[in-house]
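Values reported hereafter were calculated over all heavy atoms of this structure, with side chains retained and with hydrogens, waters and symmetry mates removed. Just follow the structure's listing: the first ligand is 1, and inside any ligand the first atom is 1. These figures come from a predicted structure and were not determined experimentally.
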Amino acid sequence: MRVAGLGAAVPQQRVSNHDLAERLDTSDAWIVGRTGIKARHIAGLGETTTSLAAEAGRRALADAGLAPAAVDLVLVATATPDTPCPSTSARVAADLGLRASGFDVNGACSGFVHAFHTAAALLADPSIGVALVIGADRFSSIVDPDDRGTAVLFGDGAGAAVLTRGEAIPGAPGVLGTDLGGDPSGVAILEVPRGGAYVAMDGPELFRRATRGLVASGSAALGRAGATAADVDLYVPHQANARIIGAAADRLGITEDRVVLDVAERANTSAASIPLALEAAQRAGRLRPGHRVLVSGIGAGLAWSTVYLRWDR
Ligand code: UT7
C-alpha cells in the first residue's frame, strides 16, 4: 500500500477570531491561548460536504496523476453528510464521474483514519487497486453559532488521499503498525444529543481523554511495529487543539520538530483535519520517501484509530 496523492479543499470564506469576537463574548487572545486557532473556513451557499469532498478528491487524483476512471473504491469519512441517503461517497462518485462507488464511515474526528485503515485492508482484494479516501465535514451545520464554547473551535473542509497497491520502495510494507480502539464510557462527552440540532461537549474532560487516547493509540501502533518514538519522522495527529497535540507528542516522546500542527488557519475540521494536515506537510516538503509517519485520529465516541506508515513518494 502506498499513498499516491493528496488533495485539500476548504470553503472560500475565512472567519478570523476577531470576526467571531464581534458577535460572541470571546477574544482572539483567549482562542489562540487555549487552542492555537486563529481562523477557520466556513462553508457558504453551494459549499456542501459533497462539493468539498469531491474537490479534495479531484485534487488528490491530479496529484497522483490518475484519471477518475482508475478508482476502484471511494470511502468518505464524515459525520455531517448532506443527506442521510445515498452515502456521501455515492454523491462524490457521481460528481467525479467515477466508475466505482463505496460507502461512508462515521468515526467523527477519527473517521479519516478509520477509512484509511479500511481501504488499506481492502487493497488486499485483487479487484481493488486504487482507493480514494476522503475526510470531509461541514461542522458549521451542527455547531450553534451563538455558543462560544464550541463555535470558536470548528471549521469546514475536506482532505483526500489516493491509496494504491503498488510498491515504490520494493519490499517495503506501507502500513507498519495499526491500532483501533476507544473509550465508550466517554460516549456523551461530545455528541449531538438525541432530538438536538447542535454539538454539546464537555471540553475539559474531552481534553484529558483525547490526550490519553492519542498517547495510548500511538504507543500501541508503534509497539505492534516493534518501533519507538525515535522511529517517528513525522507525527500527524487529529488537529483539534494545539495544546492537546503538544501534550500528546510530549508524552509520546516525539519532539516538536517532528509534529505537524495545522490548527491555526483551519481550526478543527473533524474528519478532514488529518488529510488536510498531511497535504500541508507534503506541500511544505516535510514528507519524504522512506519517512515513517504516525497518523492518529480521535473523536466522538470516544473512538480512535492510528496507522503507522512508511511514506514512499
Ligand atoms: O475533536 C474533538 C473536539 N473537541 C476538542 O478536542 C476540545 C477539547 N477541549 C478543549 O480544547 C478545551 O477544553 C477548550 C478549548 C474547549 C476549553 O479550554 P479550557 O482550558 O478547558 O477552558 P474551560 O472550558 O475550562 O473554560 C475556561 C473559561 C470558562 O469560564 P469560567 O467558568 O472559568 O468563568 C469558560 O466559560 O473560559 C470560558 N470560555 C471562554 N471564554 C472566552 C469558554 N469558551 C470561551 C470562549 N471565549 N470562546
State the atoms of ligand 1, each with its element, that fall below the 4.0 Å cut-off from a heavy-atom position in Arg243.
-> 20 (O)
Under the 4.0 Å line, does any protein heavy atom show up next to atom 33 (O) of ligand 1?
-> no
Under 4.0 Å to a heavy atom of His238 - the qualifying atoms of ligand 1, by number = 1 (O)
State whether the number of non-hydrogen atoms from other residues, nucleotides or ligands found under 6.0 Å of Gln13 atom CD is greater than 12.
-> yes
Judged by atom type as modelled, is there a donor-acceptor pair below 3.5 Å linking the side chain of Arg292 to the main-chain atoms of Val232?
-> no
What closest approach, in Å, do Leu24 and Pro145 show between heavy atoms, and which atom pair accounts for it?
-> CD2-O, 3.6 Å
Are the side chain of Ser273 and the backbone of Thr269 linked by a donor-acceptor contact shorter than 3.5 Å?
-> no
Does the protein put a heavy atom less than 4.0 Å from atom 25 (O) of ligand 1?
-> yes
Compute the shortest N/O to N/O distance between Ser27 and ligand 1 and return yes if it is under 3.5 Å, no if not.
-> no
4.0 Å protein heavy-atom contact status of atom 46 (C) of ligand 1, strictly under = yes
Heavy atom of the protein closest to atom 21 (O) of ligand 1 (residue, atom name, distance) | Pro204 CG, 3.7 Å
So, are Arg138 and Glu47 salt-bridged, with charged N and O less than 4.0 Å apart?
-> no
Hey, is Leu24 touching ligand 1 through its side chain, its backbone, both or neither, going by heavy atoms under 4.0 Å?
-> neither
Closest non-hydrogen protein atom to atom 5 (C) of ligand 1, residue and atom name please, with distance?
-> Leu206 CD2, 3.5 Å
Side chain, backbone, both or neither: which part of Ile244 has a heavy atom under 4.0 Å from ligand 1?
-> side chain
Are Asp179 and Arg224 close enough for a salt bridge, meaning some N to O gap below 4.0 Å?
-> yes
Ignoring hydrogens, just give me the one of Arg208, Arg148, Gln239 whose non-hydrogen atom is nearest atom 35 (C) of ligand 1.
-> Arg148
Using modelled atom types only, decide if a donor and an acceptor are shared between the side chain of Asp156 and the backbone of Ser140 within a distance under 3.5 Å.
-> yes
Taking only distance into account, with no hydrogens and no angle test, what donor-acceptor pairs under 3.5 Å do side-chain atoms of residues 63-72 form with protein atoms, sequence neighbours excluded?
unit_1: Asp63; atom_1: OD2; unit_2: Leu6; atom_2: N; d: 2.8
unit_1: Asp63; atom_1: OD2; unit_2: Gln282; atom_2: NE2; d: 3.0
unit_1: Asp63; atom_1: OD2; unit_2: Arg313; atom_2: NH1; d: 3.0
unit_1: Asp72; atom_1: OD2; unit_2: Gly129; atom_2: N; d: 2.7
unit_1: Asp72; atom_1: OD2; unit_2: Val130; atom_2: N; d: 3.0

Considering heavy atoms of the protein only, find what lies nearest to atom 3 (C) of ligand 1 and give residue, atom and distance to 0.1 Å.
-> Asn268 ND2, 3.4 Å
Would you say Arg288 has more than 12 foreign heavy atoms packed within less than 6.0 Å of its CZ?
-> no
Are Arg258 and Asp233 close enough for a salt bridge, meaning some N to O gap below 4.0 Å?
-> no
Of the protein's non-hydrogen atoms, which lies at the shortest distance from atom 12 (C) of ligand 1, and what is that distance?
-> Phe207 CD1, 4.0 Å
Top protein contact for atom 44 (N) of ligand 1, by heavy-atom distance | Trp30 CH2, 3.3 Å
Would you check if there is a donor-acceptor pair between the side chains of Ser219 and Arg251 at a distance under 3.5 Å?
-> no
Closest heavy-atom pair and its distance - Val175, Ala120 | CG2-CB, 4.2 Å
Atom indices of ligand 1 within 4.0 angstrom of Asn241 heavy atoms, with elements = 10 (C), 11 (O), 15 (C)
For Ser27 and Ala21 the tightest heavy-atom approach is CA-CB, 4.2 Å
Subset of ligand 1 atoms that lie under 4.0 Å from at least one heavy atom of Ala240 | 1 (O), 6 (O)
Ligand 1 contact on Cys109 by region, counting heavy-atom pairs under 4.0 Å | side chain
Could you say whether the N/O atoms of Thr35 and ligand 1 ever approach to under 3.5 Å?
-> no
So which protein heavy atom does atom 8 (C) of ligand 1 come closest to, and at what separation?
-> Gly203 O, 3.6 Å
Which ligand 1 atoms does Val152 reach within 4.0 Å, using its non-hydrogen atoms?
-> 48 (N)
Can you pull out the closest protein heavy atom to atom 22 (O) of ligand 1? Residue, atom name and distance to 0.1 Å, please.
-> Arg34 NH1, 3.0 Å
